[in-house]
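Worksheet: one structure, shown below.
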2 protein chains.
Amino acid sequence: MTVTGSKGRRERLRAETTAEIKKVALALMASGGPDAITLRAIAREMGMTANAIYGYFATRDDLVTTLIKDVYTALADAVDAAWEAAPATDPAIRITAWATAFRTWAVVNAQGFRLIYGDPVPGYHAPEGGPAPDAARRVCTGLTALAAAAWPHTQHLYEHSAFGWSDFDPALLDKVRPAFPDLPPAAVALALRIWGHLHGLVSLEVYGHMHTQTTSPEKLFEEELAQLVQMLGVPRRS
Amino acid sequence: MTVTGSKGRRERLRAETTAEIKKVALALMASGGPDAITLRAIAREMGMTANAIYGYFATRDDLVTTLIKDVYTALADAVDAAWEAAPATDPAIRITAWATAFRTWAVVNAQGFRLIYGDPVPGYHAPEGGPAPDAARRVCTGLTALAAAAWPHTQHLYEHSAFGWSDFDPALLDKVRPAFPDLPPAAVALALRIWGHLHGLVSLEVYGHMHTQTTSPEKLFEEELAQLVQMLGVPRRS
DNA sequence: CAATTTACTTCACAGCGTATAGTTTCTTCA
DNA sequence: TGAAGAAACTATACGCTGTGAAGTAAATTG
């Protein structure tokens with residue numbers, strides 16, 4: 001045991017270098033997009049050679065995968081925090097807060113959004129099960145919380161839903177069902193559909209496709225939220 | 001005038017080579033994704049050197065831009081055709097047909113969808129106004145037709161809409177307003193929102209994010225359509 | 001203090017887009 | 001018909017990328 005930590009000096013330096021690599025990579029991404037994440041550029045920035053990075057990440061794709069996981073986790077943290085900060089007694093406000101946090105994060109961290117949801121980087125292929133299934137499922141669980149909050153008011157619309165538990169990934173259900181024991185499959189389907197709605201508007205905006213059509217994507221998103229709350233039938237201003 | 005065409009042999013060969021470059025590029029894309037579109041690979045496939053392509057396209061980005069335009073036009077053709085083929089008297093069927101054609105095209109031409117809506121290719125930057133604004137606006141116009149068909153049944157939901165004509169791109173309005181003179185701004189906003197809904201679900205599916213959560217994205221999309229028609233309030237089975 | 005592990009550099013190779021210069025082939029006009 | 005000119009294409013080269021193999025210097029360990 002030392003004052004600087006329990007592990008030896010070597011491991012501490014190693015952890016610091018690893019952190020710096022990621023930090024520099026994210027900075028490059030922020031300024032030049034995911035494409036700008038190159039080993040040589042990172043090394044240049046750090047005053048090293050590109051091959052030195054191989055001591056910390058087995059391959060460039062490994063680094064990118066780690067970055068995706070980190071960035072995705074940051075997104076999940078942001079929306080979770082917004083959800084928790086809103087009053088649990090008012091589903092409409094909570095849902096609006098979650099979705100607004102989602103879009104705000106995406107607009108502020110546009111390159112991070114592209115890293116997570118687009119083709120991250122030339123030639124990158126995600127490892128089995130996606131790069132950040134945990135973070136993705138955290139987001140989905142958050143969405144299910146959203147659907148769960150609205151479910152008492154909206155379930156009457158889905159009495160003829162064709163969904164069963166077998167339609168969903170077991171790993172997702174492992175997280176979702178214990179958290180919301182009374183929720184039927186139709187509610188999870190609703191959560192995924194809401195995800196689609198929000199993701200679509202935001203990704204069109206982030207990738208610049210909305211900008212060609214409308215000058216106020218934010219207003220569009222706000223109307224979307226108003227409609228969402230209305231469609232879900234949750235009471236407003238409770 | 002010759003039997004093979006009005007332009008000289010030279011121009012005909014030139015057009016054929018141009019077409020072959022695009023064909024090979026699309027084939028490479030279909031098998032290896034947008035990243036596989038490299039001048040050297042195309043040239044290899046054609047038995048030429050990479051530099052020969054510079055006689056037909058000033059730069060690789062020029063080629064990619066042309067491909068985006070072509071592919072986007074194919075998408076616009078597909079959804080337009082589905083719309084026209086459905087009975088004009090039944091908005092519900094027409095809307096469903098349009099959206100189904102959209103998803104089907106995207107799933108079948110997944111790499112084309114990524115080319116259009118993702119970061120197409122390493123380092124690619126779209127020229128001013130986007131690469132295929134025409135095709136994009138054709139799709140938006142199609143969406144507006146969708147909203148227009150539903151408008152009589154759904155306008156009561158948007159009486160307090162905050163949208164004005166200034167919220168939209170003039171080039172879009174030039175196409176949309178003459179075609180649907182009685183439509184208010186709120187209907188165009190609705191069209192863009194529907195675009196977002198469909199685009200989100202489809203792009204999550206195409207990029208493999210849905211697959212981590214549900215085994216039946218198609219069922220999800222079908223429920224989305226059913227809900228869309230219901231939300232719009234258009235009569236079913238008229 | 002010697003042996004080993006770790007961190008890093010150097011060199012190399014293949015792939016990419018693309019600029020420049022040179023070559024071959026076709027078209028056109030006197 | 002033959003010379004001039006344009007068009008199509010190749011060859012070479014440069015800088016960028018990821019990454020493998022080999023070598024070096026410093027820190028850690030016995």
Side-chain angles (χ1 to χ4, degrees), chain A residues 2 4-21 24-25 28-29 31-67 119-127, chain B residues 1-2 4-22 24-25 28-29 31-67 119-127:
Chain A
T2 70
T4 53
S6 53
K7 311 281 182 158
R9 164 184 149 82
R10 202 114 201 198
E11 292 189 37
R12 183 167 46 83
L13 285 177
R14 188 176 175 76
E16 277 172 14
T17 306
T18 306
E20 190 185 355
I21 291 172
V24 171
L28 286 168
M29 181 191 77
S31 64
D35 290 3
I37 305 174
T38 71
L39 297 184
R40 291 182 129 102
I42 296 168
R44 222 176 289 132
E45 205 77 23
M46 294 177 66
M48 302 196 316
T49 56
N51 282 8
I53 300 178
Y54 282 88
Y56 300 87
F57 297 93
T59 173
R60 187 209 51 160
D61 279 16
D62 266 37
L63 169 59
V64 171
T65 301
T66 302
L67 292 176
D119 292 309
V121 132
Y124 173 82
H125 288 294
Chain B
M1 280 290 191
T2 69
T4 52
S6 53
K7 311 283 182 148
R9 164 182 149 83
R10 202 115 199 197
E11 293 189 37
R12 183 168 44 84
L13 285 176
R14 188 176 174 75
E16 279 170 13
T17 305
T18 306
E20 190 185 353
I21 291 172
K22 296 205 278 185
V24 170
L28 286 167
M29 181 192 76
S31 63
D35 290 1
I37 305 175
T38 71
L39 296 183
R40 292 181 128 102
I42 295 168
R44 221 176 290 131
E45 205 77 23
M46 294 177 67
M48 301 195 318
T49 56
N51 282 4
I53 300 179
Y54 283 88
Y56 300 87
F57 297 93
T59 174
R60 189 209 51 160
D61 280 16
D62 266 37
L63 169 59
V64 170
T65 300
T66 303
L67 293 176
D119 292 307
V121 132
Y124 174 81
H125 289 294

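Residue numbers start from 1 in every chain, and the chains themselves are labelled A, B, ... in the order their sequence lines are given, proteins ahead of strands. Note: hydrogens, waters and symmetry copies are ignored here, and every other heavy atom, side chains too, is used. All of these numbers come straight from a predicted model, not from anything done at the bench.
For the pair A:D61 CG and D:dG20 P, the computed distance is 12 Å after rounding to whole Å. Atom pair A:E11:CD and C:dT5:C1' shows a separation of 13 Å (rounding to whole Å applied). Atom OH of A:Y54 is separated from atom P of D:dG18 by 7 Å (rounded to the nearest Å). Taking atom CG on B:L28 and atom C1' on C:dC16, their separation rounds to 14 Å, with Å as the unit. To the nearest angstrom, P of C:dT9 lies 10 Å from CE of A:M46. To the nearest angstrom, P of C:dT9 lies 10 Å from CD1 of A:I53. Across the protein-nucleic acid pair, B:D35 atom CG and C:dG17 atom P stand 11 Å apart, rounded to whole Å. Between the C1' atom of C:dT10 and the CE atom of A:M48 lies a distance of 15 Å, rounded to the nearest Å.
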Could you walk me through whether B:L39 and B:F57 pass the side chain to side chain contact (heavy atoms under 4.5 Å, CB included) check?
CA-CA 10 Å; B:L39 296 183; B:F57 297 93; over 6 Å; no
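Closest approach to the B:A41 side chain among C:dC16, C:dT10, D:dT10 is made by C:dC16 (side chain taken as heavy atoms from C-beta onward). Of the candidates C:dT18, C:dC16, C:dC8, the closest approach to any side-chain atom of B:T38 belongs to C:dC16. Considering only the side chain of A:R14, C:dA7 comes nearest among C:dA7, C:dG17, D:dT19. Comparing D:dA13, D:dA11, D:dT17 by their closest approach to the side chain of B:N51 singles out D:dA11. In this structure, of C:dT18, D:dG18, D:dC9, it is D:dG18 that holds the atom nearest to the side chain of A:L39.
Atom OG1 of A:T18 is separated from atom CD of A:E11 by 11.0 Å, given to the nearest 0.5 angstrom. Note that the OG1 atom of A:T49 and the CZ atom of A:R40 stand 9.5 Å from one another [nearest 0.5 Å]. Atoms CG and CZ, on A:D62 and A:R60 in that order, are 10.5 Å from each other to the nearest 0.5 Å. Atom CD of A:E20 sits about 9.5 Å away from atom CD of A:E45, to the nearest 0.5 Å.
Taking side-chain N and O atoms only, B:R44 has a distance below 4.0 Å to OP1 or OP2 of C:dC16. Between C:dC8 and A:Y56, a contact under 4.0 Å exists linking OP1 or OP2 to a side-chain N or O. Within the 4.0 Å cut-off from OP1 or OP2 of C:dT18, at least one side-chain nitrogen or oxygen of B:T59 is found.
In terms of position along DNA chain D, the nucleotide closest to B:T49 lies nearer the 5' end than the nucleotide closest to the other residue of the pair A:A50 and B:T49.
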